[in-house]
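Right, one structure below, let's go through it.
Both ligands and their constituent atoms are indexed starting at 1 by order of listing. Every heavy atom of this structure was used, including side-chain atoms; hydrogens, water molecules and symmetry mates were not. Here, residue 1 is the first one in the sequence, and each next residue gets the next number.
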Amino acid sequence: MTPDIPDIPDDLISQLSEFINSQMGLHFPQNRWKDLRRSMADVVQELLKDHEEKDPVSCIHRLLSKPLTKKQGDLLAKHLTIGETYFFRDKNFFNALEGHVFPRLIASRHHSRNIRMWSAGCCTGEEPYSLAILIDRMIPAWQEWNITLLATDINAGFLQKAEQGIYTRWSFRNTSDQMINAYFKQMDEGRFEFSPALKNMVSFSQINLVGRGYPSSINNTHAMDIILCRNVLMYFEPDVRMQIIGRFVNSLTPGGWLVFSPSESPCFHHSELQPVLLSGATLYRKPESGNRKYETGNLLPDVFCRGSQKTLSPTSPIGEPVPDIFYRGSPNTQLAPRDPSESNLDLYHKALKLANMGKLDEAERCLRQAIDHEKLHPEYHYLLATICQEQGRLKESAKSFRHTLFLDPDFVLAHFHLGNLTLQEGKRDMSEKHLKNARSLLLPMAPEDILPHSEGMTAGQLLEVVQSMVRRGGVRLGA
Ligand SMILES: C[S@@+](CC[C@H](N)C(=O)[O-])C[C@H]1O[C@@H](n2cnc3c(N)ncnc32)[C@H](O)[C@@H]1O
């Protein structure tokens with residue numbers, strides 16, 4: 001039964017509308033207060049079940065009085081977001097991907113075999129799964145590639161539905177029967193299940209685009225080749241929209257593409273993006289030579305050299321083989337002659353700066369010189385690990401994260417990344433061990449504590465990511 005629309009006074013609905021704008025980006029100007037009141041009827045009804053408040057007005061006062069809990073945020077997202085989507089929405093755009101963007105990207109990644117895409121505001125999954133189908137058609141051996149297809153949304157219910165991958169005909173408004181037959185299994189009269197193999201290409205996670213947690217390798221939102229954010233920002237105020245587009249620009253690799261829907265594109269200009277018309281669709285490109293800058297990325301440790309106070313233990317605290325040497329030099333990395341006036345600290349800072357500009361090869365050369373002279377700095381190995389990770393050299397990256405932990409067993413982000421990498425490799429036990437370590441290091445911290453080397457991520461935010469990985473990855477963390 002639909003609940004009655006609560007009698008919320010104008011000044012309170014105005015405060016609520018500002019609050020929702022600041023927390024979720026959604027814009028409810030005065031002419032949409034009626035919609036807001038209607039949606040709040042459902043929110044309030046669910047909140048009243050849990051709280052002591054007896055009436056909608058005090059319930060809303062309570063919502064406004066403190067930072068939102070996850071439960072409150074999920075409730076607001078459930079009732080305020082719009083979930084309209086379907087497979088292959090906007091044919092022109094998919095033609096542009098198939099005819100122009102992918103062929104060039106695939107050719108240029110022939111050696112690294114690495115492609116990274118993000119569907120931001122993915123709703124119930126139709127958009128990222130359309131990308132997965134396209135990848136399958138264009139790279140038949142995609143399993144031998146390192147494909148990242150991240151799909152995020154603020155609405156936990158949408159994400160749950162996306163992970164199930166079960167759709168009705170309504171999602172196939174723009175999909176041929178041939179495509180449906182090839183990629184879906186009919187379950188009964190009206191329901192179709194998406195191919196389990198392709199489902200695995202996509203990783204879903206809950207990200208609020210208004211938050212400042214991206215780009216970051218912690219939630220895998222960095223160094224993207226293609227970001228789709230279609231039919232999302234049109235519900236946001238221009239200021240919030242521009243901040244989000246600015247963060248997307250930082251999440252893109254040089255030469256990467258940002259895509260809005262056709263109705264949004266004409267209004268969403270950004271000085272660092274070039275509009276490109278392809279097959280009747282407008283896509284935005286970050287110039288090849290653009291400076292890559294991580295505002296919140298992992299490559300800029302904010303505390304340098306906090307120094308490990310630990311004594312080195314002869315066996316690794318995480319039960320993995322202890323590295324016999326720290327660095328022998330990668331066969332591909334020629335060390336440039338070293339300027340004798342440069343200290344290791346200078347070299348490390350230079351490496352950081354280069355990494356932040358996207359000059360990863362040069363950054364690695366500098367860093368390896370520093371490591372060559374001073375092998376026992378966990379920070380150096382951590383930075384090396386993140387550079388290798390960014391270049392898709394995941395085995396080397398894992399090795400450097402292990403070196404970091406050998407030198408500093410409490411390096412929480414190294415545990416987190418290793419948990420992630422080993423989960424991707426299907427090593428569930430190892431992943432469980434690292435995530436458990438990350439969780440036990442995070443739990444005693446205050447949620448608002450900023451994590452070293454995370455450029456602003458708080459302990460509470462990382463804990464949330466760890467818990468969400470656990471929920472989605474099926475890892476057992478125990479009590
Ligand atoms: C209309 S759907 C668009 C789906 C898909 N991108 C498409 O074009 O078909 C808008 C999506 O944006 C999501 N959304 C709204 N506000 C958001 C926010 N602050 N952060 C992340 N996602 C958000 C909604 O939950 C919804 O799934």
Side-chain donor-acceptor pairs under 3.5 Å in residues 230-246, sequence neighbours left out?
{"unit_1": "Arg230", "atom_1": "NE", "unit_2": "Glu127", "atom_2": "OE1", "d": "2.9"}
{"unit_1": "Arg230", "atom_1": "NH1", "unit_2": "Arg89", "atom_2": "O", "d": "2.9"}
{"unit_1": "Arg230", "atom_1": "NH2", "unit_2": "Arg89", "atom_2": "O", "d": "3.3"}
{"unit_1": "Arg230", "atom_1": "NH2", "unit_2": "Glu127", "atom_2": "OE1", "d": "3.2"}
{"unit_1": "Asn231", "atom_1": "OD1", "unit_2": "Ser261", "atom_2": "OG", "d": "3.2"}
{"unit_1": "Glu237", "atom_1": "OE1", "unit_2": "Asn21", "atom_2": "ND2", "d": "2.8"}
{"unit_1": "Arg241", "atom_1": "NE", "unit_2": "Leu233", "atom_2": "O", "d": "3.2"}
{"unit_1": "Arg241", "atom_1": "NH2", "unit_2": "Phe236", "atom_2": "O", "d": "3.0"}

* Partner of Asp225 by salt bridge (charged side-chain N to carboxylate O under 4.0 Å, His left out), out of Arg109, Lys286, Arg104 -> Arg109
Enumerate, one pair per line, all nitrogen or oxygen atoms of ligand 1 lying under 3.5 Å from a protein nitrogen or oxygen, stating the separation to 0.1 Å; write 'none' if no such pair exists.
{"unit_1": "ligand 1", "atom_1": "6 (N)", "unit_2": "Gly121", "atom_2": "O", "d": "2.9"}
{"unit_1": "ligand 1", "atom_1": "6 (N)", "unit_2": "Glu127", "atom_2": "OE1", "d": "3.1"}
{"unit_1": "ligand 1", "atom_1": "6 (N)", "unit_2": "Arg230", "atom_2": "O", "d": "2.9"}
{"unit_1": "ligand 1", "atom_1": "8 (O)", "unit_2": "Arg89", "atom_2": "NH1", "d": "3.3"}
{"unit_1": "ligand 1", "atom_1": "8 (O)", "unit_2": "Arg230", "atom_2": "O", "d": "3.0"}
{"unit_1": "ligand 1", "atom_1": "8 (O)", "unit_2": "Asn231", "atom_2": "ND2", "d": "2.8"}
{"unit_1": "ligand 1", "atom_1": "9 (O)", "unit_2": "Thr85", "atom_2": "OG1", "d": "2.6"}
{"unit_1": "ligand 1", "atom_1": "9 (O)", "unit_2": "Arg89", "atom_2": "NH1", "d": "2.8"}
{"unit_1": "ligand 1", "atom_1": "19 (N)", "unit_2": "Met24", "atom_2": "O", "d": "2.8"}
{"unit_1": "ligand 1", "atom_1": "19 (N)", "unit_2": "Asn208", "atom_2": "OD1", "d": "2.9"}
{"unit_1": "ligand 1", "atom_1": "20 (N)", "unit_2": "Leu209", "atom_2": "N", "d": "2.9"}
{"unit_1": "ligand 1", "atom_1": "22 (N)", "unit_2": "Ile154", "atom_2": "N", "d": "3.4"}
{"unit_1": "ligand 1", "atom_1": "25 (O)", "unit_2": "Asp153", "atom_2": "OD1", "d": "2.6"}
{"unit_1": "ligand 1", "atom_1": "27 (O)", "unit_2": "Asp153", "atom_2": "OD1", "d": "3.4"}
{"unit_1": "ligand 1", "atom_1": "27 (O)", "unit_2": "Asp153", "atom_2": "OD2", "d": "2.6"}

* Does a donor on one side chain and an acceptor on the other come within less than 3.5 Å for Ser251 and Trp118? -> no
* Indicate the atoms forming the closest heavy-atom contact of Ile106 with Trp145, along with that distance. => O-CH2, 3.7 Å
* Asked: Between Gln15 and Ser17, is any side-chain donor less than 3.5 angstrom from a side-chain acceptor?
  -> no
* To do: State whether a side-chain donor-acceptor pair under 3.5 Å links Gln206 with Lys70.
  => yes
